[in-house]
Amino acid sequence: MDLLMTLMPILLFVLLFWAILIRPQQKRQKQITEMQNNLQKGDEIITIGGMHGTVHALDEGTVVLEVNDGQKLTYDRTSVREKKA
């Protein structure tokens, strides 16, 4: 019983750390992955580098963006940060 009382603060700290930091990050990463997998032609997106463009074509691991004046750039799907509403 004494050992349990000694370890209780450490266990509470680990649980609190997981609940505040790790779990929300896991949820956010799951949402980002889901968004990247559900991209469709014509979606307006922003890359992690700040490039704004429209999805022109999709492949399993890449996305082709159409940007200014019809220029087309190829990015990894994982470089897509968000989809504009």
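In this structure, Y75 and L73 have side chains that are in contact, with non-hydrogen atoms separated by less than 4.5 Å. When side chains are defined from C-beta on, D43 does not count as touching T54, because their heavy atoms never get closer than 4.5 Å.
The minimum heavy-atom distance between A19 and P24, with the atom names listed, is O-CD, 3.5 Å.
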For this session: Would you please test E82 and I46 for side-chain contact (heavy atoms from CB on, under 4.5 Å) and show each step?
Result: CA-CA 5 Å; E82 66 182 84; I46 303 171; 4.0 Å; yes

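Under the 4.5 Å side-chain heavy-atom criterion for grouping Ile, Leu, Val, Met, Phe, Trp and Tyr, V67 is connected to L39 within one hydrophobic cluster. Both V63 and M51 belong to a single network of hydrophobic side chains, linked directly or stepwise wherever heavy atoms of I, L, V, M, F, W or Y lie under 4.5 Å apart. Two different hydrophobic clusters hold I22 and V14 under the rule that ILVMFWY side chains link at heavy-atom gaps under 4.5 Å.
Remark: Q25 CD to I20 CD1 distance equals 14.5 Å, nearest 0.5 Å. With values rounded to the nearest 0.5 angstrom, I10 atom CD1 is found 13.5 Å from L15 atom CG. For the atom pair CE of M8 and CG of L12, the computed distance is 6.0 Å after rounding to the nearest 0.5 Å. One distance of note links CG of L21 with CD of Q26; it measures 11.0 Å at 0.5 Å rounding.
Using modelled atom types, one side-chain atom of R77 and one backbone atom of Q36 make a donor-acceptor pair closer than 3.5 Å. Judged purely by atom type and a 3.5 angstrom limit, N38 has no side-chain atom pairing as donor or acceptor with the backbone of M35.
Between S79 and the options I48, L65, I45, a side chain to side chain contact (heavy atoms under 4.5 Å, CB included) holds for only I48.
For K27, the NZ atom is loosely surrounded, since the number of other residues' heavy atoms within 6.0 Å does not exceed 12. The environment of K41 atom NZ is sparse: at most 12 non-hydrogen atoms of other residues, nucleotides or ligands sit within 6.0 angstrom.
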